[in-house]
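Working notes for the structure below.
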Amino acid sequence: MRRITLKAARINAGFSQNEAANELSKYFGIKVSRQRISFYEKHPEETPIGWGDAFAKLYEWPRDGINFAPESTLSY
């Protein structure tokens, strides 16, 4: 399976960063900011495992289909 970026998974699922933050706020029971979504999209290697699972569930994409490595390691 080809891996996609966290941002691509969000966009494919039809979420804005604000919408993703709102849904993840409900999922975790804490306030999640748009800035946190942006940070993980820019620095996917910093995404905690639990957050990766939450992103995969929200975006309806397999966790192992999302690349959580730094962008510089992506092959094009």
Side-chain angles (χ1 to χ4, degrees):
M1 167 185 278
R2 181 178 180 275
R3 289 183 171 185
I4 63 172
T5 65
L6 188 54
K7 181 178 180 178
R10 174 180 56 77
I11 291 169
N12 286 342
F15 287 98
S16 68
Q17 287 181 340
N18 279 327
E19 291 167 333
N22 288 336
E23 290 301 314
L24 288 168
S25 292
K26 294 176 198 172
Y27 180 86
F28 286 115
I30 60 169
K31 174 67 176 154
V32 175
S33 68
R34 182 203 60 78
Q35 290 84 357
R36 185 177 292 222
I37 305 302
S38 177
F39 176 81
Y40 289 143
E41 287 181 0
K42 291 177 184 170
H43 306 282
E45 71 280 7
E46 299 289 332
T47 306
I49 291 171
W51 281 77
D53 293 340
F55 282 125
K57 184 175 181 174
L58 177 62
Y59 299 157
E60 297 180 356
W61 197 267
R63 190 185 190 294
D64 63 353
I66 300 173
N67 189 340
F68 289 103
E71 276 195 47
S72 61
T73 64
L74 291 176
S75 59
Y76 293 96

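This chain uses plain numbering: 1 for the first residue, then up along the sequence.
The shortest heavy-atom contact between Ala54 and Tyr27 is CB-CE2, 3.4 Å. Of all heavy-atom pairs between Ala69 and Pro44, the closest is O-CG, 3.1 Å. For the residue pair Pro62 and Ala56, the shortest heavy atom distance occurs at C-CB, 4.2 Å.
Residue Glu60 places its CD atom among 12 or fewer non-hydrogen atoms of other residues, nucleotides or ligands, all under 6.0 Å distant.
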Could you tabulate the donor-acceptor pairs under 3.5 Å formed by side-chain atoms of residues 6-16, not counting sequence neighbours?
unit_1	atom_1	unit_2	atom_2	d
Arg10	NE	Glu41	OE2	2.4
Arg10	NH1	Phe15	O	3.0
Arg10	NH2	Glu41	OE1	3.2
Arg10	NH2	Glu41	OE2	3.4
Asn12	ND2	Ala8	O	3.3
Ser16	OG	Asn18	N	3.4
Ser16	OG	Glu19	N	3.0
Ser16	OG	Glu19	OE1	3.4

- request: With side chain to side chain contact (heavy atoms under 4.5 Å, CB included) as the test, would you mind laying out the steps for Phe55 and Trp61 before giving the verdict?
  value: CA-CA 8 Å; Phe55 282 125; Trp61 197 267; over 6 Å; no
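A search for side chain to side chain contact (heavy atoms under 4.5 Å, CB included) contacts involving Phe39 returns His43, Glu46, not counting sequence neighbours. Partners of Lys31 by salt bridge (charged side-chain N to carboxylate O under 4.0 Å, His left out), not counting sequence neighbours: none found.
Between Ile49 and Phe68 the shortest side-chain heavy-atom distance does not fall below 4.5 Å.
Note that the OG1 atom of Thr47 and the CD1 atom of Ile37 stand 9.5 Å from one another [nearest 0.5 Å]. With rounding to the nearest 0.5 Å, the separation of CD1 in Ile4 from CD1 in Ile66 is 6.0 Å. With rounding to the nearest 0.5 Å, the separation of NZ in Lys57 from CZ in Arg63 is 14.5 Å.
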